[in-house]
Structures are given as C-alpha cells and as structure tokens.
Amino acid sequence: MAVTIFTMTHKKFAEPSDPIYVPLQVGRACGGDLGYLGDDSGDNISAKNCYYGELTGVYWVWKNIRTTDYVGICHYRRYFCTEEGRILSRQDYLSILQEYDIITSKKLKLNYSYFDGYASDYNIFDLVTTGEVIRQKYPAYYETFERLVHERGTYFANMMVADKALYDEYCAWLFSIFEEVEKRIDADRYDDYHKRVYGFISEFLLLVWVETKGLKVYECKIGMTTEKYETKQMKEKLAGFFLEKDIAGAKAYFLESLQKRPDVLMEASDITGELKMAMQVVAVCELERQELGECLLDRIQDFDALMQYFSKLNDCINACKLGELQPEDLRFLREEQISEIAVEASARLFCTEEAQLEHVIDTMSGCLGN
C-alpha cells in the first residue's frame with residue numbers, strides 16, 4: 001500500500017530522508033520557483049494562496065494525485081511523530097490506519113469557546129457566514145457545527161492523513177463550502193495575515209467533519225523541527241526589554257505584535273509556552289511596580305531565568321490546586337520571595353472556579369516567606 005505525505009512549504013528547508021515525504025510548494029503562482037513540486041499545475045487554486053494558505057496545496061493534492069492509496073498533509077517544520085519525537089514512517093502510518101479512519105493533530109484545548117476566540121482575533125462575520133453556508137448546503141453537519149463552535153476545541157495546521165478516497169470526500173465538502181463563502185465575504189479588505197480566513201476556519205471545520213461522520217480519529221503528536229520565526233523573533237525582542245527592565249516597552253511591543261499576529265500565542269506557535277509566560281512577566285512586574293515600588297525584573301533580567309521562575313511558580317499553583325504541594329515547592333516559594341501579586345496572577349490562569357481560585361490564593365499566600 002502506497003503512502004504519500006505532502007510537505008507544504010513556501011521556503012527551502014531540510015527535507016526528511018524518508019521518500020514518502022514529498023515537498024509541495026504552495027502559492028507558487030504568486031512567487032518564485034523553489035525547485036519543488038508546485039501547486040500551480042493541473043487543476044489548481046494556487047493564485048488564491050493569500051486567502052487559503054496551505055489549503056491551495058490541499059486542493060492540488062485532491063485534484064491531481066491519483067497514484068497513492070493513503071495521502072497526507074504536513075508542513076516543512078511540522079510532522080506527525082511518535083510520543084518520543086520520531087517522525088512517522090510508512091509502516092507507522094499503515095499500522096495506525098489499519099485501526100483508524102484518519103490521523104489528525106491532537107485537539108487543541110482552548111481557554112475559551114472557539115466562537116469567542118475567533119471573535120477576539122478575526123471578523124466573526126466570516127465564521128457566522130461559514131456556518132450559514134453549512135446550514136444551507138449540508139444541513140446534516142450544522143448541528144455539530146453549532147455545538148462545537150461554542151465548545152473549546154479545534155484541530156490545527158490542516159494536517160491529516162487518510163485513505164485517498166476519504167481525503168477526496170473531505171476536500172469536496174470543504175472547498176464547496178468555501179466556494180460559496182467567497183461570494184459572501186470580502187477578504188481583500190483585510191491585512192496579509194487576516195486574509196488567510198479560509199486557512200484559519202478550515203482547521204475547525206475538519207473537527208466538524210470528522211465528528212459529524214463519526215470517524216475513528218487518531219490524534220497524533222506533532223513535532224516541530226524548527227521554532228516559528230515570529231515566535232523566535234518575539235522572544236528575542238522581549239529578552240532585550242527584560243534585560244533593560246523596560247516593562248512598558250515590553251508591554252507595548254507585545255500588544256503591537258498580537259495585533260498583527262494573534263496566532264503567536266496558540267499552542268501550535270508557542271510550543272514551549274514561553275510567550276505566555278513572558279506575558280506573565282509583563283503583567284506581574286507592572287503590578288508589582290505600581291503596588292510595591294519594585295518588581296521581579298529588579299532581581300532577574302535573564303529571559304531563560306525568568307521562564308524557569310514562572311514555570312516553577314505555575315507548577316506550584318497546579319500542585320496546590322490538586323492538594324499535592326511538596327516540600328521543594330514550599331522552599332521555592334520562600335527562597336525566591338514570590339509576591340502575592342505573582343501568586344494571584346498565576347492562579348487566575350489555572351483556576352476556573354471562584355471557590356477554587358480563592359482556596360489556591362489563600363493556601364499559597366500562607367506559604368510565602370514575605
């Protein structure tokens with residue numbers, strides 16, 4: 001049985017040695033030729049790459065590939081892998097697909113409903129319009145869409161592997177929806193990031209499709225070969241602000257960056273969670289300066305040290321929530337002079353119920369050596 005995994009890319013990259021992985025340049029109709037197979041031949045929508053992102057490659061595979069039994073999509077820096085981090089081989093895929101209908105990313109667990117998250121970062125009209133098109137064209141899928149859009153999960157990256165016939169069925173469903181949505185929204189008025197509206201919404205629609213069909217899904221770990229450029233750049237800039245103890249500068253830079261790229265805080269981008277912890281640094285230090293006249297940055301300026309500090313504090317919060325605080329946790333809280341401001345800020349990230357929040361704050365505050 002033949003397995004072909006198309007690696008979507010818009011830049012040169014170090015290719016996996018396994019021949020089942022085939023680089024596919026997406027949006028080649030809009031740019032130069034990288035020397036890879038391109039999505040601009042045969043039946044294609046390559047010129048729509050600015051709106052569809054990697055979906056122009058997904059479309060091309062649907063319309064032009066007929067020589068493989070199983071087909072999949074990954075990215076030049078994202079691959080399906082084992083829990084130990086090894087990129088999946090042909091035999092791995094065949095073994096999994098003997099038991100499962102489809103391989104996807106592990107579902108993201110959001111801190112808010114998908115609807116609310118989309119509304120905060122994008123034009124909610126586009127998502128509502130997509131739902132209305134589904135209601136009209138595929139009414140059997142609408143109930144699932146409405147339920148899931150108000151829940152807190154989604155797939156990400158448009159990565160999947162399936163039997164080619166099932167893959168084709170999904171693409172026929174997905175692109176027929178977007179063909180109609182295109183007639184009803186005006187993505188040209190968005191900036192370059194927000195124009196990729198179909199790429200964003202499709203991640204969620206894969207979840208709608210598999211749940212409505214009742215498919216047996218293997219949610220697979222995704223490994224990153226390189227950190228996202230935007231993520232790395234933000235961390236380097238923030239490290240500079242922290243070194244200068246410039247809280248206001250760090251906050252302004254963070255807000256400006258999130259305005260341009262709200263996805264940088266998603267798990268798929270912030271794979272180490274360090275950008276979220278950098279937000280904690282900014283929020284906590286700003287409050288400490290206001291209320292105490294001094295802050296953590298007066299003692300620690302190194303980015304890595306700050307990440308270790310908040311990672312340990314967050315671990316303590318979660319241990320407290322579970323009633324599992326250890327002696328080493330108590331030593332950390334006292335020796336590091338953790339402020340009540342830092343404790344409350346961290347607790348609010350992990351405690352969803354008010355009673356639980358109050359209990360954790362009271363318990364943790366009693367452990368501080370201040």
Derivation of the side chain to side chain contact (heavy atoms under 4.5 Å, CB included) call for Tyr198 and Thr130: CA-CA 10 Å; Tyr198 305 108; Thr130 301; over 6 Å; no
Could you tell me which residues satisfy salt bridge (Lys or Arg N to Asp or Glu O under 4.0 Å) with Arg348, sequence neighbours excluded, listed by chain and number? Glu344
What heavy-atom pair brings Phe332 and Cys316 nearest, and what distance separates the two atoms? CD2-SG, 3.9 Å
In short, Ala347 meets Val360 closest at the heavy-atom pair CB-CG1, 4.1 Å
How about [atom1] on [X], more than 12 heavy atoms from neighbouring residues, nucleotides or ligands closer than 6.0 Å, or not?
X      : atom1 : value
Lys312 : NZ    : yes
Glu179 : CD    : no
Glu143 : CD    : no
Lys237 : NZ    : no

Do the two ring centres, one from [X] and one from [Y], sit under 6.0 Å apart?
X      : Y      : result
Phe200 : His194 : no
Phe115 : Phe204 : no
Tyr122 : Tyr118 : yes
Tyr21  : Tyr79  : yes
Phe13  : Tyr36  : yes

Could you check whether any side-chain N or O of [X] sits under 3.5 Å from a backbone N or O of [Y], counting only pairs where one atom can act as donor and the other as acceptor?
X      : Y      : result
Glu219 : Lys107 : yes
Ser46  : Ala29  : yes
Glu286 : Val282 : no
Ser176 : Ala172 : yes
Ser105 : Tyr155 : no
Asp39  : Ile45  : no
Arg90  : Ala2   : no

Decide yes or no on side chain to side chain contact (heavy atoms under 4.5 Å, CB included) for Glu15 and Thr7, but give the supporting numbers first. CA-CA 9 Å; Glu15 305 167 35; Thr7 308; over 6 Å; no
Ring of Tyr142, cation from Lys137 - is the NZ or CZ under 6.0 Å from the centre and inside 45° of the axis? no
Hydrogens and angles aside, do [X] and [Y] bring a side-chain donor and acceptor to less than 3.5 Å of each other?
X      : Y      : result
His359 : Asp362 : no
Thr212 : Tyr138 : no
Asp126 : Thr129 : no

Ile300 reachable from Leu243 in the ILVMFWY side-chain graph, under 4.5 Å edges: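 Not linked; separate clusters.
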If hydrophobic clusters are built by linking Ile, Leu, Val, Met, Phe, Trp and Tyr wherever their side-chain heavy atoms come under 4.5 Å apart, do Ile134 and Phe125 end up in the same one?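 Same cluster.
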Tell me who clusters with Leu357, hydrophobic residues only, linked when side chains sit under 4.5 Å apart either directly or through other members. Ile361
Salt bridge check, Glu83 against Lys106: does any charged N sit closer than 4.0 Å to a carboxylate O? yes
Indicate yes or no: does Asp101 engage Lys213 in a salt bridge with an N to O separation below 4.0 Å.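 Salt bridge flag = no for Lys213 with Asp101.
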Test side-chain hydrogen bond (donor to acceptor under 3.5 Å, both in side chains) on Thr144 and Glu211 and set out the steps. CA-CA 7 Å; Thr144 306; Glu211 289 220 5; over 6 Å; no
Under the ring pair (Phe, Tyr, Trp, His ring centres under 6.0 Å) test, residues paired with Phe175 that sit two or more places apart: Tyr59, Trp62
Using 30° and 60° as the class limits, which term best fits the ring planes of Tyr52 and Phe178: parallel, tilted or perpendicular?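 Correct class here is perpendicular.
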When Val71, Ile102, Ile103 are each screened for side-chain contact (heavy atoms from CB on, under 4.5 Å) with Met160, the one that passes is Ile102
Of Asn44, Asn49, Asp40, which is the lone residue that meets side-chain hydrogen bond (donor to acceptor under 3.5 Å, both in side chains) with Thr56? Asn49
Audit row: Phe303, Val281, side chain to side chain contact (heavy atoms under 4.5 Å, CB included) steps and yes/no: CA-CA 10 Å; Phe303 186 89; Val281 175; over 6 Å; no
Go through the steps for Lys164 and Asp168 under the test side chain to side chain contact (heavy atoms under 4.5 Å, CB included), then give the verdict. CA-CA 6 Å; Lys164 182 58 165 62; Asp168 289 351; 2.6 Å; yes
